[in-house]
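Just so we're clear, the structure is a prediction, and the values are computed from it rather than from any experiment. Proteins come first, then strands; the chains are lettered A, B, ... in the order of their sequence lines, and each starts at number 1.
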Amino acid sequence: MLAISSSYSLNTQRLKRFQSLIALLLLCVILTVLSDKFFSSENGLNVLRQTAVNICIATGMTLVILTGGIDLSVGSILALCGAATAGLLKNGMVLPSLDIFIGFTVLGAILAAMLIGWLIGLFNGFVITKFNVPPFVATLAMLTIARGFTMLYTQGQPISNLGQQFVYIGAGSFLGIPVPVWIAALVVLIAAFITQKTKLGRYIYAIGGNETAAKFSGINVSKVKMVVYAMAGAMAAIGGIIVTSRLDSAQPNAGISYELDAIAAVVIGGTSLSGGRGTVWGTVMGAIIIGVLNNGLVLLNVSPFWQQVVKGAVILLAVIIDKLGDKKE
Amino acid sequence: MNKWIRYGLLVLVIALLGYNSIYIKKLSDIKQDTSGKFGVKAFVQKLWKEKLPAKLQTAVTIDTLQTAIQSNPATAFEKYTHALALGNYRYALIKTIAIVNAVNEDNVAITLSAATPVKATLVTEFVYGNALRDASGLISLKDFPNTTDLNSISEELNKIIRQQVVPSFKSSLQPGNKIECIGAVQLNKEHIHFNDLEIIPVSVKVIS
């Protein structure tokens with residue numbers, strides 16, 4: 001009896017680990033049957049290209065949620081960093097008092113934007129850990145602050161015509177695969193390495209599992225959380241660079257509600273919103289599921305209003321399945 | 001690894017990244033160096049100060065434009081409007097007397113004094129597009145090797161409107177004011193209507 005029970009538990013665990021992949025495969029099969037345009041390499045690459053930005057943001061969000069936190073500011077950080085990249089690339093920095101003009105190469109503008117994203121994330125972490133502000137509130141405030149700074153920096157106007165070299169990042173392909181997909185893959189690999197192979201990764205899971213226990217076992221919880229929020233900021237910045245490059249324009253209202261798509265990808269990917277459980281790979285599956293769903297609904301000519309309803313229902317279903325799984329365990 | 005080697009490598013990487021990330025020039029050298037690059041700022045400044053004022057004198061009154069379009073649209077569009085791109089959108093420089101109805105955050109609502117009064121808005125916040133560049137009739141496609149340069153002219157003209165023209169009149173306007181206004185408008189050849197015209201202001205004077 002015990003053997004049957006433990007074998008059942010093992011099978012359930014395996015099923016749970018692959019539930020996102022199974023859901024994705026099921027979705028693909030259904031859409032292939034319903035639309036003859038869905039199953040093609042061209043459409044597949046299109047979905048991946050469109051999903052790349054969400055994968056970058058959602059990967060950072062996964063790290064944050066694994067610690068038991070949340071980051072609502074990633075959409076605004078994306079916009080601010082995108083604007084900063086475009087602004088630095090196009091106008092550089094002028095220091096009239098010193099009679100100096102500092103021009104930025106594509107590499108320079110990208111590094112500067114990532115640094116800005118990192119610093120904003122670090123500030124989020126600082127506020128959350130040092131002043132005990134709930135992550136929801138602190139990052140909600142940053143959502144508004146970063147959006148405001150974006151509007152101030154761009155004066156509410158798009159910054160366009162950024163040059164072919166920069167546009168290649170968002171619109172180009174390398175070895176037949178869109179560059180944004182390569183970038184997203186690199187981001188995911190780094191995050192997966194951190195979570196699975198490093199001390200920091202173990203600390204992240206430990207804090208999400210039981211913050212008090214983690215503190216008593218000697219983990220510097222504040223430091224880990226600050227690093228995690230900083231990484232989420234930097235990944236949002238990467239998303240901003242891709243969006244800006246793809247449009248050849250930094251839009252001041254870019255990234256609105258992207259944080260919700262990122263959270264949805266994390267949740268669908270099986271990461272627990274209370275922290276301590278989940279993987280970056282699950283989030284990638286979650287993001288692709290959302291991308292495939294968006295793509296499929298468009299191919300099936302479903303009204304955009306219904307698309308939102310379906311997306312919401314899928315997120316709800318994912319959370320319910322997750323909770324039911326928790327109960328059984 | 002030895003601590004010093006590690007720090008040394010780190011400094012080297014930072015130096016390499018820094019060297020490939022930024023370049024520093026004297027501001028005065030940049031201002032002088034326009035070789036090989038389209039100097040949009042200088043071009044638009046010249047356009048704005050030397051060529052546009054004469055064009056503004058030839059702006060058509062709203063009454064004339066309306067009457068001409070009603071009697072013979074093809075001739076009217078040919079005579080009074082311009083466009084660089086193909087399609088139904090044409091652009092005209094119009095001059096008009098108007099009464100201010102409301103000063104809003106994004107625009108100024110006005111009623112144009114025409115034979116049949118027309119409601120319109122002076123765009124003051126979201127100044128986009130190619131209306132002024134095209135309406136002026138001063139730019140020719142043949143003179144520019146790429147669309148980036150052409151678009152940058154519109155961008156620069158719109159910037160002047162936002163930064164110089166709008167601040168020069170908006171704060172002093174009040175509902176009931178009578179103004180004399182010259183601006184650019186977009187008209188659709190296929191759907192001609194004069195109500196709710198959006199005017200990109202180039203010159204606005206308060207008469208009373």
Should the heavy atoms of other residues, nucleotides or ligands under 6.0 Å from [atom1] of [X] be counted, would the total exceed 12?
{"X": "Y19(B)", "atom1": "OH", "value": "no"}
{"X": "Y153(A)", "atom1": "OH", "value": "yes"}
{"X": "E125(B)", "atom1": "CD", "value": "yes"}
{"X": "F149(A)", "atom1": "CZ", "value": "no"}
{"X": "F123(A)", "atom1": "CZ", "value": "no"}

Quiz prompt | Distance-minimising heavy-atom pair for G108(A) and S21(B) | solution =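 Heavy atoms only, the tightest pair is CA-CB, 3.3 Å.
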
Practice problem: Identify the heavy atoms of Y128(B) and P158(A) that sit nearest to each other, and give their distance. | Solution: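 Closest approach of Y128(B) to P158(A): CE2-CD, 3.5 Å.
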
Practice problem: Mind running side-chain contact (heavy atoms from CB on, under 4.5 Å) on N20(B) and T105(A) for me, showing each step along the way? | Solution: CA-CA 7 Å; N20(B) 287 296; T105(A) 63; 5.5 Å; no

Quiz item: Can you name the ring pair (Phe, Tyr, Trp, His ring centres under 6.0 Å) partners of F174(A), sequence neighbours left out?
Solution: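 Partners of F174(A) by the ring pair (Phe, Tyr, Trp, His ring centres under 6.0 Å) criterion, ordered by chain and then number, come out as W182(A).
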
Quiz item: Is any residue of residues 154-165 of chain B within less than 4.5 Å of chain A by heavy atoms, and which ones?
Solution: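 Expected list: E155(B), R162(B).
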
Exercise. Begin from the C-alpha positions of Y23(B) and F104(A) and carry the test side-chain contact (heavy atoms from CB on, under 4.5 Å) through to its verdict.
Key: CA-CA 6 Å; Y23(B) 54 92; F104(A) 283 76; over 6 Å; no

Quiz item: CD1/I110(A) to CG/L17(B) distance, rounded to the nearest 0.5 angstrom?
Solution: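 Output value for this atom pair is 11.5 Å.
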
Quiz item: At a heavy-atom separation under 4.5 Å, does L111(A) approach chain B through its side chain, its backbone, both, or neither?
Solution: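 The answer is the side chain of L111(A).
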
